[in-house]
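Right, I'll just put the structure down here and ask away after.
Treat the numbers as computed from the prediction; the structure is a model and nothing was measured. All values below were derived from every heavy atom in this structure, side-chain atoms included, with hydrogens, water molecules and symmetry-related copies excluded.
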Amino acid sequence: MGGRHAADPSAGPLDGRLRLDGAARATPYACADPTSLRRAPVAPRRQTTGSSTAASPQISAGGRRDSPRGTTLTTTKNSPTDAPASEPNGFAAIGARPETVAALAAVGITQPFAIQTMTLPIALAGHDLIGQARTGTGKTLGFGVPMVQNVKSKSEGGNGTPQALVVVPTRELCVQVASDLEIAGKTRGLRVQSIYGGRAFEPQVEALKRGVEIVVGTPGRLLDLARQGHLNLGQVDVLVLDEADEMLDLGFLPDVERILDLTPDERQTMLFSATMPSPVVALARRFMRQPTHIRAEEPDEGRTVPDTKIFVYRAHAMDKGEVLARILQAEGRGLTMVFCRTKRTCDKVALDMAERGFAAAAVHGDLGQGAREQALRAFRSGKIDVLVATDVAARGIDVQDVTHVINYQCPDDERTFLHRIGRTGRAGAKGVAVTFVDWDEIPKWGLINKALDLPFPDPVETYSSSKHLFEDLGIPEGTKGHLPRSARTRAGLEAEVVEDIGETGRKPKAGAARGTRDSGRDSGRDSGRAPRDTGDDAPVLPKRTGGARQRTRGGGAAVAAAAGTPAQVSDSSQGSAGEAGDAPKRRRRRGGRGRGGAGAGETSGAEA
């Protein structure tokens, strides 16, 4: 039933295969060139958005109604496409505004990737779409360029109310996406504001009051500001869910639905991710109008990046630190990301590598936002070259020159595996991905290996002294588990200043150093209790000495001794002490009055 149409060899950026399924089989598309992707019976129309006059691909409204399941387009070309000699800039050839083309060219971005070539014409026409491509192949600009193109700046008549919204799952991804959109809209003066938790409310509220065109945020803080009346989403024309499979997960779904309720029904909705399971696609169609599903890859779901070499070793938990220390001394190693499953392991590995002489830092959810951003800035600037992180950094984080990714603990599923190793081998660069699999993780790895069709069903048993480890990864012979002092040239995390961002919530206790056991934790067993009374009226007790403790009733003697005055006792107390004289002290019995035995009998006799 499914139709498969081969593209014309002269198709340029759209070389590859185009696959149509669903009801769209009856309406094939012509693929003569990327600027005339259209329904065969319909003549191409001119792009009218902004000042661009390039022809844009169109899908007629009738065709969208006739294909309730939408359309799926697939290509296999992921590297930046080569523009014709007459049109040196590929973004200009697919309908981007001259201002956007100039802004991207200023930072060296001139040729689009396959996902950008396929999505831009459809997105610029205002259609809903689902974009899927491997990690590191330019998905951000796939939705960023049409978003920037369709909003109005302040000088163009924008009223300061957000016209576009990007929802992301993590704070780090929020900062990165906002930065990319600012670059794309710089020449037009578009205002882009990142909204995420961990920072003070006031600066974000002030920015919204001054007016913004595009908002990038995490669900929690977006809803908080919307409830307080500071964020108005009633004029949003373009909505994007980045890392859509994570956003539509059960944990985020209620918040996403609330955000969707705050936006107009007549809007353009776009979903982007490297992994898009079928249940997520089916769920996404509830919020979209006849979306086009674009896959800039082979139809097989969950494929790895070809430019990344994958190694899988069965390693013992007691030897992983030694193996990791040797991998970090491999020839040609640049920046390295080490992924752990738990926050505790993340702190432990970062501390261990720092003690071995490597410039390492940790990033996970228990750290304050200032500390997380400090570590990422130090990593991007090269002050540290080993970033140990949980999966909070596995989604969308784009750092140049990451040559190695190491899974210190086996990921939970194939999607997590793909996103982790996608931090290297980005934008056509080469990369190395190493995964440690412990003996109890073999069944879990077997499922990942089968789902991704990898050739590692039984990982080879590997130790820090294994010869194949040195040969596979280019580790110099004789390398030990500590970095030589002559090679310790990085400035370290301390060289990066912690930005004062007005963090919310609890702060770490004073004096707790990063990388220590107490880093990022609550301040001991007294955290959460009421503070002790330290006012002027509080008694100042003497410090304990090494002598034996003396029990006092009411603390009167101790307080008097601290004040330097003799303890005052009542007359009755003095009389009792005088009458006692040299009489032997009465032994206090545990039973006390009211219990049987000798104690009770003696007491009764004395009273009689």
Side-chain angles (χ1 to χ4, degrees), residues 134-136 245 274-275 277-278 297-333 336-342 344-346 348-349 352-353 386 388-391 394 402-425 430-477 479-481:
R134 295 187 181 100
T135 55
D245 58 329
T275 53
S278 298
E297 58 183 11
E298 292 283 356
D300 302 330
E301 181 180 302
R303 294 192 55 191
T304 57
V305 179
D307 292 327
T308 301
K309 293 183 179 179
I310 300 176
F311 300 93
V312 183
Y313 300 123
R314 186 183 305 186
H316 195 281
M318 300 296 291
D319 195 44
K320 285 183 179 180
E322 293 289 337
V323 177
L324 176 58
R326 284 159 175 79
I327 295 176
L328 294 180
Q329 300 178 65
E331 295 179 350
R333 181 188 71 84
T336 302
M337 298 188 72
V338 182
F339 285 102
C340 304
R341 189 186 309 116
T342 65
R344 185 183 298 271
T345 305
C346 186
K348 177 183 175 182
V349 173
D352 184 27
M353 292 301 106
V386 180
V388 188
T390 55
D391 290 327
V402 175
T403 60
H404 288 64
V405 168
I406 301 171
N407 291 316
Y408 192 85
Q409 292 173 305
C410 182
D412 291 328
D413 52 45
E414 67 275 10
R415 287 193 301 152
T416 305
F417 177 81
L418 288 174
H419 284 284
R420 283 184 179 184
I421 69 172
R423 300 313 101 206
T424 186
K430 303 294 182 181
V432 176
V434 181
T435 301
F436 297 155
V437 180
D438 209 336
W439 270 255
D440 59 349
E441 296 172 335
I442 291 296
K444 182 191 299 184
W445 171 253
L447 297 175
I448 297 174
N449 186 81
K450 183 178 180 181
L452 300 179
D453 195 22
L454 298 176
F456 309 105
D458 187 21
V460 60
E461 190 171 337
T462 304
Y463 296 93
S464 56
S465 58
S466 298
K467 186 176 180 180
H468 64 267
L469 174 68
F470 288 73
E471 295 175 350
D472 291 346
L473 301 175
I475 303 173
E477 187 176 355
T479 300
K480 302 300 180 181

- Query: Which pair of heavy atoms, one from Pro455 and one from Pro457, lies closest together, and at what distance?
  - Reply: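 In terms of heavy atoms, the two residues are closest at C-CD, 3.3 Å.
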Test item: Thr435 and Phe417 side chains (from C-beta on) under 4.5 Å apart, heavy atoms =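 Yes - at least one pair of side-chain heavy atoms lies under 4.5 Å apart.
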**OP:** Measure the spacing between OH of Tyr408 and CZ of Arg341 and express it to the nearest 0.5 Å.
**Re:**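 Between Tyr408 OH and Arg341 CZ, I get 12.0 Å after rounding to 0.5 Å.
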*asked:* Testing the basics here: between Arg423 and Val405, what is the closest heavy-atom pair and its distance to 0.1 Å?
replied: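 Of all heavy-atom pairs spanning Arg423 and Val405, the closest is CB-CG2, 3.9 Å.
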In terms of heavy-atom contacts, His316 and Asp438 come closest through CA-OD1, 4.3 Å
Looking only at heavy atoms, the pair that brings Ile475 and Ala330 closest together is CG1-CB, 4.0 Å
**Report entry** pair Lys348-Cys340: side-chain heavy atoms closer than 4.5 Å
**Finding:** no
For the residue pair Trp445 and Phe456, categorise the inter-ring angle as parallel (less than 30°), tilted (30 to 60°) or perpendicular (more than 60°).
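Aromatic pair Trp445/Phe456 classed tilted.
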Residue pairs passing the side chain to side chain donor-acceptor pair (under 3.5 Å) test where at least one lies in residues 318-329, sequence neighbours excluded =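 As it turns out, the side chain to side chain donor-acceptor pair (under 3.5 Å) pairs with a partner in residues 318-329, which skip direct neighbours, are Asp319-Ser464, Glu322-Arg326, Glu322-Arg356.
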Check: Thr424 and Val432 side chains under 4.5 Å, non-hydrogen atoms |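 No, too far: nothing below the 4.5 Å cut-off.
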Could you work out, with salt bridge (charged side-chain N to carboxylate O under 4.0 Å, His left out) as the rule, every residue matching Lys444, not counting sequence neighbours?
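Here the qualifying residues are Asp412.
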For residues 448-461, the side chain to side chain donor-acceptor pair (under 3.5 Å) pairs (sequence neighbours left out) are Arg314-Asp458, Glu461-Tyr463
Taken to the nearest 0.5 Å, the spacing of Ile406 CD1 from Leu324 CG works out to 5.0 Å
Hits for side chain to side chain donor-acceptor pair (under 3.5 Å) against Ser466, two or more places apart or cross-chain, chain-then-number order -> none
* Counting only N and O atoms by type, is there a donor-acceptor contact under 3.5 Å from the side chain of Asn407 to the main-chain atoms of Cys410? ->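 It does not hold such a pair.
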Under 3.5 Å, side-chain donor or acceptor atoms of residues 467-474 against the rest of the protein: list the pairs with distances, not counting sequence neighbours.
{"unit_1": "His468", "atom_1": "NE2", "unit_2": "Thr462", "atom_2": "OG1", "d": "2.9"}
{"unit_1": "Asp472", "atom_1": "OD2", "unit_2": "Tyr313", "atom_2": "OH", "d": "2.9"}

**Q.** Atom pair OG1/CD1 of Thr416 and Ile448 - distance to nearest 0.5 Å
**A.**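 The CD1 atom of Ile448 is 7.5 Å from OG1 of Thr416, to the nearest 0.5 Å.
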Item checked: salt bridge (charged side-chain N to carboxylate O under 4.0 Å, His left out) involving Lys430 - partner list, sequence neighbours excluded ->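 With neighbours one apart ignored, the set is Asp307.
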message = For Thr403, give me all partners under side chain to side chain donor-acceptor pair (under 3.5 Å), at least two apart in sequence or on another chain.
response =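 Thr403 satisfies side chain to side chain donor-acceptor pair (under 3.5 Å) with no other residue.
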For Pro476, the side-chain contact (heavy atoms from CB on, under 4.5 Å) test, sequence neighbours excluded, returns Glu331, Thr479
Sort out for me which residue in Arg415, Arg134, His419 forms a side chain to side chain donor-acceptor pair (under 3.5 Å) with Thr275.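 Exactly one option meets the side chain to side chain donor-acceptor pair (under 3.5 Å) with Thr275, and it is His419.
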| query | Do Thr336 and Met353 touch side chain to side chain, with heavy atoms closer than 4.5 Å? | reply |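 A side-chain contact under 4.5 Å is absent here.
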So, using salt bridge (charged side-chain N to carboxylate O under 4.0 Å, His left out) as the criterion, who are the partners of Arg333 when residues are at least two apart?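 Listed in chain order: Asp385.
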For Val402 and Met337, the nearest pair of non-hydrogen atoms, with its separation, is CG1-CG, 4.2 Å
Q. Who pairs with Phe311 by ring-ring contact (aromatic ring centres under 6.0 Å, His included), at least two apart in sequence or on another chain?
A.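 For Phe311, no residue satisfies ring-ring contact (aromatic ring centres under 6.0 Å, His included) once neighbours in sequence are set aside.
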For Thr342, the side chain to side chain donor-acceptor pair (under 3.5 Å) test, sequence neighbours excluded, returns Thr345
Quiz prompt | Smallest separation among heavy atoms of Gly425 and Thr308, with atom names | solution =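 Nearest pair, atom of Gly425 first, then Thr308: CA-OG1, 3.7 Å.
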